[in-house]
Amino acid sequence: MSIYPENYLYTKDHEWVLIQNDTGTVGITYHAQRELGDIVFVDLPKLGTVVEQGKPLGSVESVKAVSDIYAPVSGEVIAVNEALSAAPEKLNQDPHGAAWLVKLRLNNPEEAKSLLSAADYRAYVGAEG
Amino acid sequence: MNGKARTHISQNEPLLFELSSPGKRAYQLPPLDVPAADPQAVLGRERVRPEIENFPEVSEVEVLRHFTRLASWNYAIDLGMYPLGSCTMKYNPRINEAVANLEGLLWAHPYQPESLSQGCLEIMAALEAALAEITGMDAVTLQPAAGAHGELTGLFLIRALLASRGNPRKKILVPDSAHGTNPASVTMAGYVVENVPSCERGMMELATLERMVNEDVAALMVTNPNTLGVFEQEITRIAALLHERGALLYMDGANMNALAGIARPGDFGVDVLHLNLHKTFSTPHGGGGPGSGPVAVKRLLEPFLPVPRLVRRQDGWALDYDRPQSIGRMRSFYGNFGVMVRALAYIMAHGGDGLRKATLDALLNAAYVRKRLESYYEPATPAPTLHECVFSDARQARHGVRTGDIAKRLMDYGFHPYTVSFPLIVRGALMIEPTETESKLELDRFVEAMVCIAREVEEDPELVRTAPHHTRVSRVDEALAARRPVVRWRPPCGK
Amino acid sequence: MLAALGLSCLEDLVAHLPPEVLLRRPLQLPPGKSEYEIAAWFRAQAEKNASGYACFLGAGAYRHYRPVLVDVIASRGEFLTSYTPYQAEISQGTLTAIFEFQSMICQLTGMEVANASMYDGSTAAAEAALMAARITGRRGLVTARTLHPEYRQVLRTYARFAQLPVAEIAYEPDSGGLDLADLETHVNEETAAVLVQSPNFFGIVEDVPAAAEIAHRRGALLIVVFTEAVALGLLAPPVEADIVAGELQSFAIPPNYGGPYVGVIATREQHIRQIPGRLVGETRDTQGRRAYCLTLATREQHIRREKATSNICTNQALVALMATVFMTVYGKQGLRELAEQNLAKAHYLANRVQRRFSGPFFNEFVVVCQSRPEAVNEALLAKRIIGGLPLGRFYRELDGCMLLCVTEMNRREEMDVVAEALSS
């Protein structure tokens, strides 16, 4: 059984988005957190920020690397996972669940068509999952 | 284990604040020879602090023991080889320290009259002249305080020159193998970084630059030899291309230890470069400074150098502040003078021939280490290398051991690790720079340690992955430090 | 070794270099010298400098007594000849000392976070200004004219290339302190930071709370700069500041013709990710023992590259260690007593000359000379005393005045000679 939920969509920059009606919940993938190693800090946008697909939304830091997080879809930030600032290690523990980053109100649902399915993403990151 | 190290008792020591108790003192002051002034009366009550809360109070012997115990927890050049690639950790001759501590130099005030500073100015002039000769450049400023500060100065100079021609341009080309300070300095100088990819042999190719250099490019910032230790074979043609298109060639002189006495950047087309006196010229690194980052330039950039400039007048050396085109000041006073003294002493001890011989010995040591390790670790490039050699951890990674683990295991063998995970173009890099001051005996011990570790990786990878085992503290949790930063001591709750 | 490499001579090691880059002649430098000759040459240079003079110069470089333990400790090879402590397990000595340094700087300044050091006070002030611009997202810098003139020059250089406009605030002609009304008119919604030095270049202790109030009302940050760290032993810490940037040369660092010195930046916890330079943090090893390491490295150039908070890499670790030993030797009581001696001596001399400004001062003050300052200094040199700094060079309107500094190193008899020269 795959660790990548079938109902999520993925980007080649290793973000995922779960779209429910006009809301998208965004996170980084299991593969991304494993490449980064121990995550020590998460920098997220403020509520109300409008982000554009493919543009930086925030960043995650491990001890020796910083990675930008790119918005998988465009929209307005309507919720931010505040728990991550106190416990960034959650991103290593549960990247597809409790460690979601932000929720967006989508302003162009059509964009979802450009994203990868779970199967495509699995193929993209290769056998190691 | 090999012949280099064995374990011994290490003293414990609390923090100063934990040693402290009220009334203990380590200082002495002579009796006041004037009437006391009441601080609250002369300054006003609200301007005077009650006390410095929690500031330490310890006795003299406690001060000495505290820092001596701390010292014993450090590795240092004085204890052995320090093969950090790109850092040039060579022996720091103690004559340099002795002359730097002469009273007449140590207590010279930067604003004392020039007529009473001729010794300091003479030293600076001699160093400027020597560095100009070694680099083949026309003028030198000693003001920058460290390599990165020199980079910033050099980039400001480039911007000022191009602006004076009407267009400062927008971009600086930086090879993908560059030190992190390069792109950081570029941003501070108001430019945008554009990465230049290296070819498979780890060099830049003229054809790539042919495509990239246009009217937006202000300069190419190159480290030569680059961070793989490879000399850029096309450097003179690259310089000509840049100049033809109105751009400049900046050289990061971090690796000058490969060139001193052998080749001069000024002769192969470099317009501006910075040096690191704490690398090539043997001044001690001090656990992270002080350094000194002189910048050498061709004549066209000279009018823009920081103020003041050292000039020769009839009655001796003087400082010239009247330089209308200057970029201004990069720091207060004239730079890290004490570091300059040490570097000049090093140059005087070697002379021209000695510097060339030191360079060749550095190349020999690096070539020897590369040759002896090649069958155990994967070389990063087939090209010949100069003062350092870079391997990747590809063979060890198959056993789940990465460069950082091998580095930690080296500590158990009594060595400081090589540079880990740099340059970025090599996955899992091990970057080794032995320098000329290591003997064959020390190099052989190092090689032996590396060979033993390679064997351990195959036979007992867990041993390497969990290293170090014999140091005072075991592997330190850097993630914990970063997640919940504690960057100062606080009294325990309830105290 | 050559044989192991299959080479016949050392020159073979560079045979692969392009022929056009090779230097075909020896470097034109004097032949290598012995230790004895080198020592003799430098001794000759040192003797050309002033020696055996009393000195009343300050202005950013202070002469304070250097306790013997400072050099004993700082010259130990384990501190002197180690690299930046990236490898924590074999660098606990340097890391622990830096942690203690950061802690003591917080205690002295009233800030919550201090970095491991900057090059010097001038670059610390300039980097603090860039930091304030990042935090506020604004571009305007406002600096007191009584910030050290060379610090202002460095600020202008950095600001010019970062395209941040700099405005200067007048000083009150009577008190010599910051002109708060002028500050009020210059701070606006574009202002990122206000830079105020206290004690200022004229030695005057500034009204930091008032400056903070004006800056904060418009959403700007207040940067308090200091050049004379001994004053912190006595003065109320600048707790109203958002950033403190200073020079610790006074803490057992010899004047050394201008460097190496050691700068520092301290700030509030909330700005920790915007502070430039290295930071040491407390952590644990795998067995749970207390240990220290460099931390929050993702702010720095080797990780974040062009997006780093600064390009600073090598800083002034050994000089910071000297300052740490100094602070430890003097300790809570000693630093205060030292500051009180400076205060008393400076006031002794100041009471015997014509002061230019009326504001409260620590150990420096501006004097109105009865003859040309240069002539006064000439006369003093004949008595083996280096007088004050003539101010016309930095402040045209103060031509005819000089800045004097008195520390615990100046004896009463010397001060009497200076007082007499200044009033004739």
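To find a chain, count down the sequence lines: A is the first, B the second, and so on, and within it residues start at 1. All values derive from a computational prediction rather than experimental measurement.
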Under 4.5 Å from any heavy atom of chain B - which part of A:Glu61: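 When you check distances to chain B, no heavy atom of A:Glu61 falls under 4.5 Å.
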What do you reckon, is CG of A:Asn21 surrounded by more than 12 foreign heavy atoms closer than 6.0 Å?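 12 or below, so no.
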Any residue of residues 472-485 of chain B which, by heavy atoms, sits under 4.5 Å from chain A: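 If one takes a 4.5 Å heavy-atom cut-off, the residues of residues 472-485 of chain B near chain A are B:Glu478, B:Ala479, B:Ala482, B:Arg483, B:Arg484.
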Residues forming a ring-ring contact (aromatic ring centres under 6.0 Å, His included) with B:Phe422, sequence neighbours excluded: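 In terms of ring-ring contact (aromatic ring centres under 6.0 Å, His included), with neighbours along the sequence ignored, B:Phe422 is linked to B:His179.
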